[in-house]
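As structure tokens, the structure follows; a few thoughts come after it.
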Amino acid sequence: MTLVYPRDSFSVHPPRDYAGYRSTAKRAPKRPLVVIPQTLTELTGPVYGHDAVRPGDDDLTRQHGGEPLGERIIVHGRVLDEDARPVANTLVEIWQANASGRYIHVADQHPAPLDPNFTGAGRTATSADGTYKFITVKPGAYPWRNHPNAWRPAHIHFSLFGHSFVSRLVTQMYFPADPLFPFDPIYNSVPDENARQRMVSSFDLDNTVPEWALCYRFDIVLRGRHQTPMEHA
Ligand SMILES: [Fe+2]
């Protein structure tokens with residue numbers, strides 16, 4: 001048995017080679033892609049379940065002895081398919097810079113402080129109604145040397161696993177009204193303005209917790225006309 005996942009809508013997703021995003025020139029294929037049918041090996045495993053997620057993995061503010069510095073926030077939403085049906089029990093992983101705009105990574109030499117109480121990675125599985133929720137701190141903008149005075153808008157990286165490894169999808173969530181949007185080649189590599197807006201979370205006052213944390217809502221649509229733009233692997 002062989003199956004082929006439906007091709008993406010390339011009007012929504014960013015092109016693999018985008019002139020303004022310098023490093024894509026090195027990693028984008030120069031020849032047309034060869035579509036290889038997937039077999040049961042790729043389509044059935046590994047399957048992730050609740051066992052892979054430990055209690056507390058969804059709270060990035062409680063992974064160390066103290067609380068991280070910065071603005072505590074709640075990020076939640078739903079994972080939906082093309083017909084707006086919830087996608088249950090899918091693994092959602094996030095990674096992000098700390099409140100100062102610094103990652104714990106050898107390649108990140110941005111002269112901003114690391115936070116001993118913040119690693120910047122979390123995971124959870126969607127519930128039966130497709131919802132997920134993280135507690136974290138709002139990430140800072142950071143410089144990235146793509147062009148003179150290049151700064152990434154504040155963002156949280158998202159990875160979603162479907163029912164098998166080959167269905168993994170990766171995207172970035174942004175915050176409303178970021179002044180860096182017009183200058184960011186990664187954000188602007190998504191060609192359609194409406195599609196770009198689907199990467200921007202919305203401020204959620206109803207789920208903001210008084211005296212504790214602002215809330216942002218980020219729904220992720222995996223396919224169809226309203227799909228969230230995804231990065232190519
Ligand atoms: Fe990033």
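By convention here, the first residue in the shown sequence is residue 1. Atoms within each ligand, like the ligands themselves, are counted from 1 in listed order. Owing to the predicted nature of the structure, the values given are computational and were not obtained by experimental measurement. The basis for the numbers below is simple: all heavy atoms, side chains too, and nothing from hydrogens, waters or symmetry mates.
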For the residue pair Arg198 and Tyr174, would you count it as a cation-pi contact if the rule is NZ or CZ under 6.0 angstrom from the ring centre and within 45 degrees of the ring axis?
no
For the atoms NE2 of His155 and OH of Tyr103, give the angle they form at the Fe ion (ligand 1), rounded to 10 degrees.
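About 110°, to the nearest ten degrees.
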Give a yes/no answer: is there an N/O/S atom of Gln96 under 2.8 Å from the Fe ion (ligand 1)?
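Not a single backbone or side-chain N, O or S atom of Gln96 is under 2.8 Å from the Fe ion (ligand 1).
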Heteroatom N/O/S of Gln172 within less than 2.8 Å of the Fe ion (ligand 1):
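Checking Gln172: none of its N, O or S atoms is under 2.8 Å.
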Intermediate values then yes/no, side chain to side chain donor-acceptor pair (under 3.5 Å), Arg168 and Ser159
CA-CA 7 Å; Arg168 185 187 184 210; Ser159 162; 2.8 Å; yes
Show your reasoning for whether ring-ring contact (aromatic ring centres under 6.0 Å, His included) applies to Phe175 and Phe203.
CA-CA 8 Å; Phe175 292 87; Phe203 173 57; over 10 Å; no
List the atom of Val87, the atom of Asp81, and the distance in Å for their closest heavy-atom pair.
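The answer is CG2-N, 3.7 Å.
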